[in-house]
Amino acid sequence: MVRLIVLLLVLAGMVGLLIGRASPAPFLVQTTEIPQPPNANGSLVGAASCSASGCHNANGASGSKGSEYSTWIGADPHAQAFAVLGTPRSQKMLANYLGSDPSLADPQKEPLCLSCHVHPDPEIKKKTYPDRFSVVDGVGCEACHGGAAQWVTNHYQASWKELTVNQKAKLGFADTKDLATRASTCIRCHVGEKGMDVNHDLLAAGHPRLRFELNAYQANYSSRHWRIMDEKARQPNYEWTSWVLGQLATTGASVDLLAHRANQKEAPWPELSEYNCASCHHRIGGAFGQTVSAGRLRFGTWNEISNNPHSFPPSWLGGMVGGEARGVGEALLKVMEKEPQNRDKIRPLALDLSQKWTNLLEKTKTSQTLFPFPEAGQIRGWIMKVERAYQNATSFPSWDGDTQSYLMLRAYTQTVKDRGGKIPPEWDKAVSDLGDELGEAFPKGKESIWTSPEKYDAPRVRKKFKAIQGALP
Amino acid sequence: MNSRLNQPVFWRFLTVWVGLIGLTLIALVGGLRQEAKGQVEPTKPLPKVYFGSQACASAGCHEKGQVANPPLLCRGDEYDRFKAHDRHGNAYKALIGELGLSMLKRLKLGEPQKAKACLACHSVNIEKEAIQHETFQIAEGVGCVVCHGAHEKWVGAHSLVLSRASFRVLSRDKKENEFGMTDLWDPAKRTALCASCHIGNHADGKFVTHEMYAAGHPILPGFEVATFSEQMPRHWQLMREKVPGVQKIQGYLGHEWEESQLLLVGSAVALRESMRLLAKQAEYASLKGEMLDWALLDCFSCHHDLQLPSWRQEQVRLGKPGRVPPKNWPMTLAEVAGEWVQIKDAVGPLKRDLFEATLSRPFGDTLKVTQAASRLATWADRVAMDLASKPLNTTTGPKLGEHLLKLGLSQPVDFDSARQAGWALTLYRNEERALIGVKRPQWDSLLMETNNRLALQLPFGRATNPSERNKEILAKQYAFEPLAFLRWMQNAPNAWKD
């Protein structure tokens, strides 16, 4: 009798569990305005879940509505991210990194590689893949749009449109239409974070360096599965806004990464990828642009957090950058360059700066009007500052910094055009000339992502900036 | 009529002579008295007197045309040779040239004649108690006494008619210990002396820091004493070139392979000196909580263009990528020299320790580097002593060639290490040809090509602009690929035999 009761209870429990599992996820959640990180529950259903022809696989023109999956699978390098880990080059890279025999290194199983080449969710790293999810998809839909288990069956229904952004986020859906959210999604891999760190060890093992700028990446992302004209319809200052938000997100992520690196005892230190590559990687005797690093590591690389006037985002990007963060940034720059080995001194500054940037980015979420579209005079002021910095013995002109300035000019110019403004042809030409000059810094026929701009010539670039100054309306 | 007396040169000669005679008489009375008693007091440091090179030239001894009869031990035209070619005489000029002055400014070192960090190698840092002879001129750069010994006792004794015959027949030891004439015939002593500048010496304040390099100092190439001596060019004769009477006085037996011997001992001493410098600098950094001075590390591990594909990702490496190893070249020859004398303790584990200490974190674990470098220095010192006790002779000399073929054959090496191999093989081959006349046409042409690939010829002559030659060398350096060079060197054994 007792046995029977126990058996019934167990059965009841099992039925209860089954019912519990089968019951649909709560669709309507309580309204809360605290932003929720997407992917919080990490339930992935795989890119195949999006591939019904009636949904995102219409096989239409690249980037057209309904053909998002077709575009991605057909042309997007993100779809190849896992496959590339299977190449001999990747295998060699990991073997170099681990110091192991190439035959023992398997990048397709290495959590460090998978976190960016498949999905940043730590569950993936633990290889607990739900049924429909496959690592072979590479960087699939859910890596950016969020784990879809709780919204895949609902997001096309009318009721979905009634949900707020945060309600959607709570279900795991990322609002990638929002440029700040989009930026914060891309930077996880394209800048890096804890457990997804392309540090100097990995670069030296053969990994290409990370050089992310949101606006330029989107403009050059030929296989994007959405249309920029739609974006511009939504956002009149689309290019400028994505440049600004990209810069902020990138800088914030760099600061966080530095804080993480300084804080991890087992991580290498000094972390050389925090420094401008050209401060060491220049030819002895002049080439690589006659850069004068004065025998020191120069802090601040592509993702600028230093106050190097050659590359720091202009201070008129809201008083906030010039305020609380700048002071700490300057102190950090000093220690990073004068005592790179002094982790104990760097750690608190980096953590402090990281906190300040977190606060700053919070503010930008609520008010993007903090960064109004600049007047031409402001741009001119910035270019003058960049140009004058060449005379300053302590500044360190570099391809990275100058290219960041160029990308800003491009975003500004395009936005003026998008707004129906007029750009004098000489100004347009001067900006393209600068771009050509920077492009020619690379050896012919070599992919720039793998090589150093060894022909970068600071005095020549300076002249281009001068020409832009002269051509400004 | 009195034109000769009116020439300032004449008066300078006269003063020099009077001075020398005076100093020597004092010295001789003391020195020879001691000889008579047959006892030697414990060596006291001799007082230092810095003579200018004119003291050696104008005394009518080492300058051609002023020598009626060639003196016994030397050939009498050393100063001419030095003056015509030797770049040591340009050493100070380098400080007051365009580059030198801009470096002084960048490094905030002040006036060139007071910049101790530079003068230590580019001329002389006169110690407080040292005397400057009136012939001394800072602008002469690295003059005679810098290497031969800045002491009046030997300068007087070896030159004066009254004493020089008895001085000549003294042993090299006596000349050095009692008279202060540096025994440059001793391979270990010569190498240590040259290495004090060409590698660096912490105690002497001779060290080209990374800051100096960044300010524009040319890179110190790897050092190989026998080749560098030859390419000075040497102003002395090899023992085998001297007349039999001199050979007898110098204790030459007639069967030594003296240059190859210098090569072997020199390689061990160069490693010892490199490691002593590294250990001292690492200790200093460790105490101060600083990084190892980057000048001690392999320049081209950082200073290279970034490119893919690149041999850097293909090579077998110790430790993590992206870390900077120590300079490898000092180990190249010394390792082979150690094998030659079959020294018991293998250098392998010691070398591995040093690399691990340097690669375990960016710019090295200074405490571990100190320990590892000290152990390697001890090892190298033992190898040097062992090699010195077994000079190469007619039996062992001819066998060394085959042993040296190991150089650069076992693993890919960097440009500077490859140059060590190139210099060693070339030097040995030249001595082999001179002593036993073996014909190796294939080998000789392979060496010629190696010479070209590795730019084995150093900047030559006082008139040469070294920066031009350095540019050529750097270009070869940047074109150098270790794996390709290894494949090239694999032709060596066949070419040797043919």
Side-chain angles (χ1 to χ4, degrees), chain A residues 88-89 92-93 95-99 101-102 199-209 266-273 275 277-288 292-297 338-345 393 442-443 446-455, chain B residues 105-107 209-219 285-286 288-295 297 299-324 356 359-366 467-468 470-475 477-478:
Chain A
R89 180 187 262 185
K92 180 73 191 155
M93 208 181 285
N96 281 342
Y97 179 75
L98 299 173
D101 191 88
N199 66 6
H200 189 261
D201 284 359
L202 189 49
L203 293 172
H207 198 283
R209 68 177 293 213
E266 62 275 18
W269 196 264
E271 175 44 53
L272 299 177
S273 65
Y275 296 91
C277 308
S279 52
C280 295
H281 295 300
H282 60 84
R283 283 197 175 203
I284 293 170
F288 203 7
V292 182
S293 64
R296 280 187 289 147
L297 289 166
K338 291 211 165 138
E339 301 170 70
Q341 79 284 4
N342 201 335
R343 200 177 201 160
D344 292 339
K345 225 168 173 175
F442 294 94
K446 288 189 184 173
E447 308 162 71
S448 62
I449 195 172
W450 302 100
T451 57
S452 52
E454 54 193 73
K455 289 190 235 156
Chain B
K105 203 172 154 194
R106 282 184 195 206
L107 296 165
T209 60
H210 187 264
E211 201 187 10
M212 292 183 185
Y213 283 130
H217 196 288
I219 304 179
S286 170
K288 289 217 153 193
E290 290 176 357
M291 286 179 286
L292 202 56
D293 192 293
W294 300 336
L297 302 171
C299 310
F300 299 93
S301 285
C302 294
H303 294 298
H304 62 81
D305 296 329
L306 305 170
Q307 54 182 338
L308 269 179
S310 157
W311 57 265
R312 289 173 196 280
Q313 271 80 41
E314 299 306 319
Q315 68 177 0
V316 181
R317 57 172 102 230
L318 281 158
K320 287 269 184 186
R323 310 282 170 86
V324 200
E356 275 174 10
L359 297 171
S360 62
R361 67 168 76 142
F363 310 121
D365 179 327
T366 46
S467 65
E468 288 308 309
N470 286 338
K471 263 184 207 160
E472 286 168 30
I473 297 172
L474 266 174
Q477 160 86 58
Y478 276 113

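Order of the sequence lines sets the chain letters (A, B, ...), proteins ahead of strands, with each chain counted from 1.
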* Asked: Between the side chain of B:K320 and the main-chain N/O of A:Y97, is any donor-acceptor distance below 3.5 Å?
  -> yes

* Against chain B, work out which of A:S273, A:P208, A:P270, A:P268 has the most heavy-atom pairs shorter than 4.5 Å and name it. => A:P270

* Any sub-3.5 Å donor-acceptor pair from B:H303's side-chain atoms to A:I284's backbone N or O? -> no

* Okay, side chain of A:H281, backbone of B:C302: is any donor-acceptor separation there less than 3.5 Å? -> yes

* Could you go step by step and tell me if A:R283 and B:Y478 meet the side-chain contact (heavy atoms from CB on, under 4.5 Å) rule? -> CA-CA 8 Å; A:R283 283 197 175 203; B:Y478 276 113; 3.4 Å; yes

* Does A:Q341 use its side chain to pair, donor to acceptor, with the backbone of B:G289 at less than 3.5 Å? -> yes

* Asked: Are any of the side-chain heavy atoms of A:P340 and B:M291 separated by less than 4.5 Å?
  -> yes

* Would you call A:E454 and B:L306 a side-chain contact if the rule is heavy atoms closer than 4.5 Å? -> no

* Heavy-atom distances under 4.5 Å only: say whether B:F363 touches chain A with side chain, backbone, both or neither. => side chain

* Residues in ring-ring contact (aromatic ring centres under 6.0 Å, His included) with B:H210, at least two apart? -> B:W294

* Work out which heavy atom in A:D201 is nearest to a heavy atom in B:R323; give both atom names and the distance. => OD2-NH2, 2.6 Å

